[in-house]
There are 2 protein chains.
Amino acid sequence: MPEPMYRLIADDLQRKIETGQLGPGDQLPTEIELRDEYQASRNTVRDAVKWLIGRGLVETRPGQGTFVVEKIDPFVTSLSTGVESGFGGESAAYASEVAARRRVPTVTPPRVEIQQVDGVIASELGLEQGSAIVGRHQQRYIDDTPWSLQTSFYPMRFVELGATQLIQAQNIVDVVRYLEERLSIKQVGWRDKITVRPPNQNEAAFFKLPEDGRVAVFEILETGFDERGQPIRLTVSIYPTDRNQFAVVVGEVPDDGLP
Amino acid sequence: MPEPMYRLIADDLQRKIETGQLGPGDQLPTEIELRDEYQASRNTVRDAVKWLIGRGLVETRPGQGTFVVEKIDPFVTSLSTGVESGFGGESAAYASEVAARRRVPTVTPPRVEIQQVDGVIASELGLEQGSAIVGRHQQRYIDDTPWSLQTSFYPMRFVELGATQLIQAQNIVDVVRYLEERLSIKQVGWRDKITVRPPNQNEAAFFKLPEDGRVAVFEILETGFDERGQPIRLTVSIYPTDRNQFAVVVGEVPDDGLP
DNA sequence: GCAAATTTGTTCGTATGTATT
DNA sequence: CAATACATACGAACAAATTTG
């Protein structure tokens with residue numbers, strides 16, 4: 001029961017990549033050349049290349065060739081600061097982190113939706129199925145490249161109590177502060193849940209992810225709570241895993257490296 | 001420029017899965033049946049199935065068939081508590097989280113290595129390239145299924161100063177406390193960095209991940225600091241992304257759901 | 001326990017389409 | 001427009017894993 005040939009070819013190419021014989025950005029031999037080199041059929045070398053693609057080691061460009069992937073300089077987001085709190089808010093949450101690298105962040109005005117809660121959102125916000133909520137969807141960019149998709153949900157009750165800006169399609173600089181000033185609802189803590197899953201069609205399109213679905217996305221649920229322990233907001237953020245990194249700071253830690 | 005046929009087949013099958021026409025665990029028609037149903041060749045329906053595998057929607061079992069994947073009940077790990085601190089330590093860090101689900105955690109005795117630092121480890125521990133460090137590698141299981149690979153690194157200097165248990169291949173119940181009692185080195189905070197990457201061969205084998213490399217792993221770097229802001233340890237933990245979830249709690253948050 | 005049937009996995013050859021240079 | 005390189009599609013044969021009789 002020997003290893004199949006496409007695996008042997010893939011392992012050999014992988015070795016050449018890991019030993020630096022093929023560096024980032026380098027072009028691999030063409031499928032025809034590989035076919036002759038390994039004495040296999042073109043379909044078999046294609047299987048080998050697909051294996052390497054699945055490992056995230058190479059990428060193919062139609063009409064050009066197959067290339068060793070170049071690693072992306074990751075962007076770091078701190079969760080200890082809160083996606084939407086502190087210095088943050090819908091428009092400026094990440095300004096400090098971005099500034100350190102001289103990158104230019106932008107955010108779209110929110111698309112506002114009013115809907116009935118279900119499933120996860122209901123359970124996170126402690127609402128009954130069918131209650132009305134406000135959803136504010138935004139797209140965030142860094143240097144004009146798509147960075148994250150973010151949606152914040154609030155109970156519709158907040159609007160009825162007077163927080164009418166929640167249903168307007170305009171940025172709110174700091175929602176947490178707005179809720180405090182308008183409704184005296186004060187956020188005293190929050191909780192993040194971090195998962196990783198394959199992107200849906202929307203996300204793959206927005207982030208321009210390769211169609212083969214090998215790049216997964218982070219899904220971060222951040223629930224904010226008031227003094228009485230009641231959930232007051234839920235922010236769902238999506239980030240591609242190939243260009244993002246998260247940091248958590250607990251206790252006393254020196255200021256180095258992280259913003 | 002129409003959509004290729006394998007995509008049309010994949011989209012149709014995906015629709016059947018998402019509408020519940022094919023539920024979790026259900027077997028898809030065999031490749032031969034799909035070939036007849038869609039009037040395509042077997043290789044083309046196989047391409048469609050591969051597409052769905054890449055999306056994490058189905059899995060194939062040689063000799064059996066193709067099945068809709070069943071979602072795994074995820075393990076939740078809190079980062080606000082520290083992978084190796086508080087109630088934790090090498091042996092018990094996750095006991096509380098696991099206990100809530102009546103799962104049985106186990107951990108192997110550490111494999112101890114002494115080596116010279118390089119790259120990331122040196123930079124995280126603030127050591128010069130070539131300094132000596134101790135690495136303690138452990139494998140952690142839940143209910144006998146592989147759960148995480150964890151390695152903690154400490155400066156060799158700690159051993160020379162008297163923390164000799166660090167180079168013994170036995171569990172240390174709470175390393176943080178041991179360092180404090182033995183060397184008066186007190187951890188006052190820590191920082192986690194969370195990334196996602198494809199598994200290496202070691203990791204894929206240990207976690208029994210599907211060979212096609214579609215399941216990525218979390219890599220969590222946790223650096224602990226003492227009162228003077230000096231790094232005193234680096235713990236690198238690896239978890240498969242398909243069965244793990246992380247939580248971060250900041251400020252006052254009610255005790256519900258999470259340990 | 002073994003043999004047959006079923007199902008997916010690997011490999012080849014070939015032809016044609018699409019993207020890029 | 002032509003040449004090059006990867007993408008899609010078909011047909012065929014045999015191998016390997018699993019279940020069934």
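Below, chain A is the first sequence line, B the second, and so on; all start at residue 1.
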query = What heavy-atom pair brings B:R35 and B:A40 nearest, and what distance separates the two atoms?
reply = CG-O, 2.6 Å

request  = Could you run through nucleotides 6-14 of chain C and give me one letter per nucleotide, 5' to 3': B if any protein heavy atom sits under 4.0 Å from the base, S if only the sugar-phosphate is that close, - if neither?
outcome  = -BBBBSBBB

message = If the test is side chain to side chain donor-acceptor pair (under 3.5 Å), which one of A:Q150, A:E222, A:E219 qualifies with A:S237?
response = A:Q150

query = Quick one: ring-ring contact (aromatic ring centres under 6.0 Å, His included) partners of B:F218, sequence neighbours excluded?
reply = B:F246

request  = Would you please say whether a donor-acceptor pair under 3.5 Å links the side chains of A:Q245 and B:T195?
outcome  = no

request  = List in chain and number order the residues that pass ring-ring contact (aromatic ring centres under 6.0 Å, His included) with A:F206, two or more places apart in sequence or in another chain; answer none if no residue qualifies.
outcome  = A:Y141

